[in-house]
Student: 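Starting off with a structure, shown below.
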Amino acid sequence: MRATIKDVARESGVSVSAVSMALSDKPSRISKETRQKVKEAAERLHYQPNRAALSLVNRESRMIGIVMNDVRNTHIAAEFMAINRELSGKGYSLLSHILEDQTRDSSLKLIRQIASENVAVLIWAKPLEADNAEDLMSLRKNVEGLGIPVITMDDYGFDCPGVDVCFDYRQGGFLATEHLLELGHRKIGCLAGDRSFQVTQERIEGYRQALEKFGVPYDEKLVCYGDYTMESGYEAFSYLMGQRVSAIFSSNDEMAFGIYRAARNYGIRIPADISLVGFDNVPFADIMEAPLTTVRVPSVEMGSFIGRTAMELLSEAQEGERKKILYKPDLLRRGSAIVKER
């Protein structure tokens, strides 16, 4: 049976509150001798502190909550690991929730659960849904009602302490499409992600802006929606080829990998027969037979910043306006997109 704080108190001959203070890293009235005795007792019993319980005793939480909708995506997983890397070993616990259901009731239920978990900072990493004003108002009200700092990866319009850590997806979509246009392509397919997400719409806006710059009309038939998975990229390939495109802008690298697989099955060569540009710069993008030209999203840098910011928000007075950090894209030119033959 797992040892409890009461077991440590009994073993060392001191009170439970003295054990709590002795095992914390903060200065206290506990003597050096007592602190050493408690630590030795805890070691003998293989005691592992329950951080949630300790935070209630100390009236201080070192628990940071994070809400995501999908950790299968390589880009999201890289950000999560970078956040966790910053927090691990520094006395902070990361409490993770996966919220796949997009309904208002599911979000409200999760927020109520978070309120009971003594979380001191919340990282809301779920993508912002576009054109859903009523649900967004409800979400703002309930998240702000937690009374804790909130970090987001989209601009939700929260009015509580915290930081919005955003990426310029519109500019990324523009750079990807502009590159294909500069190579002479004029019929460019756009493999978009989940149409309900704001980040999807921003990528499409960038795609449209680049077309407009080059005087190329926007054609809805050249836009195909997936769900940011490799499978949806594979499934979209035959449709886009049926539209006789000479190039494809894929809204993320995972869908681009699905295009590679489908192209191989159809005997279509990248880039000789079809040029391709991805988005994210996930691992393995540069080791394909034709290395993937892609828009770099600094996932690790963003995740590390979010982790450090969460710790700072715990130690600072929570006053003043929310901050917004906007990371900018850059295009990594590799071998999957070439000049279109006349």
Student: Are the side chain of T293 and the backbone N or O of R333 linked by a donor-acceptor pair below 3.5 Å?
Tutor: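 Looks like no, no N/O pair under 3.5 Å.
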
Student: Is the closest side-chain donor-acceptor distance between Y228 and T200 under 3.5 Å?
Tutor: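 Yes.
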
Student: For the CG atom of L108 and the CG atom of N142, what is their distance to the nearest 0.5 Å?
Tutor: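 Taking CG in L108 and CG in N142, the distance rounds to 5.0 Å.
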
Student: Within a reach of under 6.0 Å around CZ of F214, are more than 12 heavy atoms found that belong to other residues, nucleotides or ligands?
Tutor: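 Result for CZ/F214: enclosed.
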
Student: For H185 and S275, which I'm curious about, is there any donor-acceptor pair between the side chains at under 3.5 Å?
Tutor: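 Side chains of H185 and S275: pair found under 3.5 Å.
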
Student: Hey, can you tell me if F167 and Y169 have their rings parallel, tilted or perpendicular (30° and 60° cut-offs)?
Tutor: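 Ring orientation of F167 relative to Y169: perpendicular.
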
Student: Applying the salt bridge (charged side-chain N to carboxylate O under 4.0 Å, His left out) criterion to K324, which one of D164, D154, D155 satisfies it?
Tutor: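 Among D164, D154, D155, the one meeting salt bridge (charged side-chain N to carboxylate O under 4.0 Å, His left out) with K324 is D155.
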
Student: Going by the salt bridge (Lys or Arg N to Asp or Glu O under 4.0 Å) test, which pairs reach into residues 73-90, not counting sequence neighbours?
Tutor: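 Passing the test, one end in residues 73-90: E86-K90, E86-R308.
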
Student: Step by step, would you call E301 with R296 a salt bridge (charged side-chain N to carboxylate O under 4.0 Å, His left out)?
Tutor: CA-CA 11 Å; E301 295 96 314; R296 187 181 80 94; 3.1 Å; yes

Student: Examine the side chains of T229 and E254 and answer whether a donor and an acceptor come within less than 3.5 Å of each other.
Tutor: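 Looking only at side-chain atoms, E254 and T229 do not form any donor-acceptor pair under 3.5 Å.
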
Student: From W124 CH2 over to L146 CG, what is the distance, rounded to the nearest 0.5 angstrom?
Tutor: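 Spacing of CH2 (W124) from CG (L146) equals 9.0 Å.
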
Student: Quick check: does any side chain N or O of D253 sit under 3.5 Å from a backbone N or O of A285, one acting as donor and the other as acceptor?
Tutor: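 A pair under 3.5 Å: no.
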
Student: Any carboxylate oxygen within less than 4.0 angstrom of a Lys/Arg side-chain nitrogen, looking at E40 and R35?
Tutor: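 Salt bridge: no.
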
Student: Strictly by modelled atom types, are E117 and Q113 linked by a side-chain donor-acceptor pair under 3.5 Å?
Tutor: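 Checked: E117/Q113 side chains pair up, N/O donor to acceptor below 3.5 Å.
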
Student: First locate atom CG of L136, then atom NZ of K141, and finally report the distance between them rounded to the nearest 0.5 Å.
Tutor: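 One finds 14.0 Å between CG of L136 and NZ of K141.
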
Student: Just checking Q243: does its CD atom have more than 12 heavy atoms from other residues, nucleotides or ligands closer to it than 6.0 angstrom?
Tutor: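 For Q243, atom CD is crowded (more than 12 foreign heavy atoms under 6.0 Å).
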
Student: Can a salt bridge be assigned to the pair R140 and D159 using a cut-off of 4.0 Å between side-chain N and carboxylate O?
Tutor: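 Here R140 does not pair with D159 in a salt bridge, since their nearest N and O are not under 4.0 Å apart.
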
Student: Looking only at heavy atoms, which two atoms of P291 and R334 are closest? And how far apart?
Tutor: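 The pair with the smallest heavy-atom distance is O-CB, 3.3 Å.
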
Student: Measure the spacing between CD of E202 and CG of L128 and express it to the nearest 0.5 Å.
Tutor: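 Going from CD on E202 over to CG on L128, the span is 8.0 Å.
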
Student: Write down the atom of V223, the atom of Y218, and the distance for their closest heavy-atom approach.
Tutor: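 Looking at all heavy atoms of both residues, the shortest contact is CG2-OH, 3.5 Å.
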
Student: Which heavy atom of P271 sits nearest to which heavy atom of G335, and what is that distance?
Tutor: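 Taking every non-hydrogen atom into account, CG-O, 3.2 Å.
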
Student: Show the numbers, then the answer: is there a side-chain contact (heavy atoms from CB on, under 4.5 Å) between F305 and I325?
Tutor: CA-CA 10 Å; F305 176 80; I325 305 297; 3.7 Å; yes

Student: Would you give the length of the straight line joining atom CZ of R208 to atom CD of Q201, rounded to the nearest 0.5 angstrom?
Tutor: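 R208 CZ to Q201 CD: 10.0 Å, rounded to 0.5 Å.
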
Student: How about R195: does its CZ atom have over 12 heavy atoms from other parts shown lying under 6.0 Å from it?
Tutor: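 Open: at most 12 neighbouring heavy atoms sit under 6.0 Å from CZ of R195.
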
Student: Does either side chain, that of S232 or that of D227, offer a donor lying less than 3.5 Å from an acceptor on the other one?
Tutor: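 Per modelled atom types, S232 and D227 side chains form a pair under 3.5 Å.
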
Student: So, taking the atom named OH in Y234 and the one named CD in E231, what distance separates them when rounded to the nearest 0.5 Å?
Tutor: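 Y234 OH to E231 CD: 11.0 Å, rounded to 0.5 Å.
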
